[in-house]
Structure formats: C-alpha cells, structure tokens
Amino acid sequence: MGIPARQTMKVGWYLFRNRVAKRQRFALVVELEPLFACNLACPGCGKIQYPTKILRQRVSVEQAVGAIAAMVDELVARKRFVYLCTNAVLLRRKLDMFTPSPYFAFTVHIDGLRERHDDAVDRPGVFEEAVAAIREAKARGFRVTTNSTFFTNDSPETVRSVLDFLNDDLEVDSMMISPAYAYEKAPDQEHFLGVEQTRRLFRATFGDGRRGRWRLNHSPLFLDFLEGKVDYQCTAWGIPSYSVFGWQRPCYLMADGYTSTYRELVEETDWDRYGRGKDPRCANCMAHCGYEPTAVVATMSSLRESIRALRVSA
Ligand code: SF4
Ligand code: SF4
C-alpha cells in the first residue's frame, strides 16, 4: 500500500532485466547529495562534520535549493522516481519551486512526535514546522513520504505513536523507518541501537499486527529483518551515494574514499571486506540503505515472497 503500483512495476521490470543479464551488482536507488551543509545539527547525524571549505561547496542555500529544483525537474522528465529528502525547515517557503508528479515525492525527516523530534534535531519548533509543511505540500497535491530514524531512547510506544500520527493524522503517502547507523563522527555516541536492541524494538512495535496497517515504504522481508525473523548481509552497492566528492565507497554510511564512476565503484571495491562480522564499523548496522536492497532481491528470487510483496502493496 505504501509503494505506488507504477513504481513497483517499474522496479520489478528493472530487477528482472538485471537477472536475465546475470548482473551481480547493480543499483536500486541512487542517493544524490548536492551539498553537505545543513540548517540543523542533529546530535545523531554523521553527515555534516566536514571542514568549512567542504561545507561551502555550493554557493548559497538559495542557489543550492534552486539547483536541486532544476535537478528534480530533469530527473522527473526522464521518468525517474525522485524522493527529495528534507528536514522541511524551508519547505513551505520553497514549495512554489516544485511541481506535483507521480514520479516525485518529498521525504520529510520526522523522528518522533513534538518533544522527541525536536530533541533529535536539537531545535525547538522544527516538528511543528515540518508538520505544517507536510500538510501544505499534501494540500497542494504533492506526494509526501517520511523517513524516521530510531535510537535507544525510543520504545515500541514512541515508534507506534509517530507512525500512527503520520499514517492516520497526516495521511502521508508512505513511511520509511530505520535504526540509526552509528556514525563515528556523530556528536551523540550514546544512543545508537545494537542488533539485538533493534530486533527487540521492532518485534515489540509490530507485535500487535499493526505493521500491516501502516503504509510502510518497505518490502515485507526488510520488516521481517528488522524483527529478527530473517537475517541478511547488506547489499552495500544497492543504494550508492554520489556527492561533491564522487561515488562514496562502500556505501552511504561509511566513507572509505570515492570513485569518479559507478562502474569503478562496483568493479574496484573489495566488497568482501564490508558487512556485519567483517568490518567493526558495520557491527550494528541494520539501516534500510544497506539491507532493503538485499530484501528486495530476496523477494524477487522467490515466487512466494513476490506474491506476498504484491499483496502488501495492493
Ligand atoms: S540528520 Fe539533521 S543535521 Fe543531518 S542532514 Fe539531516 S537534518 Fe541535517
Ligand atoms: S553493513 Fe553494509 S550498509 Fe551497513 S555500514 Fe557496513 S557496508 Fe554500509
């Protein structure tokens, strides 16, 4: 229900073509990071700790937003599905720069209800602004999705309360969820979930059958993975990240250097070095950008799981 049928069909066809071509490594989603500067400084974020010189590698926020709007137009014209991730602080002021399309959605960062979210982004008032922006964008006909990251100070109740609010009150089109990745550079190192804690949290959160009612933008197998019903290795090349430095190696979460082409990234990275049990930085990673591609490929490899995924998205 959370993933539009048009997108499910297009992704299914893309996966099928890669299977027929016997391609071992290919991207499902590309993360484009046009700039690293941010107007918030969330304590759990490991993406913004660059020297000023790097953070200035765009001219101004105004021009960066202008460049992003132009990029969105170009990609949508090519019928790519574009999810524009935003903390929504400037969203209401910039909405006029975008046009609603079935190929375009805003993805608003919402980690919890008012107190929990404002705490996560370390600024009072951001939750109210994000909620107002979501309502405004929905009223203007945009698709709006959300991305919520959970930490050790979450409980099944806080996770349920935010998902119920997004699903039922704001009626967002779909929601993404993920345990936070333990960024080495994040100022707050106290609240990252371990693997067992993540499984306990999601098992309890989904325990009363609510999982099927929420419009989650995830495959059933990824949600099973969060609950600990199945275990996987990550597919680090499945959601590659491109930024002002180039293609990030090995994944969106860790930076072991950059390559100038995706082919170079895929062919010259020693993928066997990465993943849980191999690299200590991966030890507690269960993030969607590493494991959703694994779950999607596992879904496509099984008729039973494909039917289950189609039923959920129907
Ligand atoms: S997590 Fe917070 S600080 Fe990091 S990029 Fe997102 S909004 Fe900005
Ligand atoms: S487990 Fe995979 S996705 Fe997660 S940080 Fe390691 S390489 Fe990246």
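Ligands are counted one by one from 1 in listed order, and the atoms in each one are counted from 1 as well. Residue numbers count from 1 along this sequence.
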Answer yes or no: are there more than 12 heavy-atom neighbours, outside Arg140 itself, under 6.0 Å from its atom CZ?
-> yes

Among all protein heavy atoms, pick out the one at the shortest distance from atom 2 (Fe) of ligand 1; state its residue, atom name and that distance to 0.1 Å.
-> Cys42 SG, 2.3 Å

Cation-pi check, Lys138 onto Phe106 ring (under 6.0 Å, within 45° of axis) | no

Hey, could you give me the OG/CD distance between Ser174 and Gln7, rounded to the nearest 0.5 Å?
-> 8.0 Å

Per-atom filter on ligand 1: closer than 4.0 angstrom to a heavy atom of Asn87 are 7 (S)

Using heavy atoms and a threshold below 4.0 Å, how should the contact between Asn39 and ligand 1 be classified: side chain, backbone, both, or neither?
-> neither

Looking only at protein heavy atoms, identify the closest one to atom 8 (Fe) of ligand 1 and say how far it is in Å.
-> Cys38 SG, 2.2 Å

Check whether NZ of the Lys or CZ of the Arg Lys10 lies under 6.0 Å from the centre of the six-membered ring of Tyr103 and within 45 degrees of that ring's axis.
-> no

Residue Lys278 excluded, over 12 heavy atoms near NZ under 6.0 Å = yes

Find all atoms of ligand 2 within a distance of less than 4.0 Å from any non-hydrogen atom belonging to Tyr274, and give their numbers and elements.
-> 7 (S)

Inter-residue atom distance Thr86.OG1 - His109.NE2, 0.5 Å rounding = 10.5 Å

Sub-4.0 Å heavy-atom contact, Tyr181 with ligand 2 | yes

Give a yes or no answer on whether the side chain of Gln189 reaches the backbone of Glu184 with a donor-acceptor pair at less than 3.5 Å.
-> yes

Nearest to atom 1 (S) of ligand 1 by heavy atom, Ala41, Cys45, Gly44, Pro43: which?
-> Cys45

With Tyr262, the ring pair (Phe, Tyr, Trp, His ring centres under 6.0 Å) member among Tyr242, Trp247, Trp237 | Trp247

Has the side chain of Gln233 got a donor or acceptor atom that lies under 3.5 Å from a matching backbone atom of Arg276?
-> yes

If you count the atoms of ligand 1 from 1 in the order shown, which ones are under 4.0 Å from a heavy atom of Ile48?
-> 3 (S)

For atom 2 (Fe) of ligand 2, decide whether Cys234 has an N, O or S atom at a distance under 2.8 Å.
-> yes

Which of the ligand 2 atoms, numbered from 1, are nearer than 4.0 Å to a heavy atom of Tyr291 = 1 (S)

Numbering the atoms of ligand 2 from 1, which are under 4.0 Å from a heavy atom of Gly290?
-> 3 (S)

Does ligand 1 have any atom that is closer than 4.0 Å to a heavy atom of Val121?
-> no

Under 4.0 Å from any heavy atom of Leu40, which atoms of ligand 1 are there?
-> 3 (S)

Considering Ala236, Gly275, Cys285, Cys282, which one's heavy-atom position lies nearest to atom 4 (Fe) of ligand 2?
-> Cys285

Ranked by distance from atom 6 (Fe) of ligand 1, the top protein heavy atom is His109 ND1, 4.1 Å

Taking the six-membered ring for Trp, are Tyr50 and Phe245 ring centroids under 6.0 Å apart?
-> yes

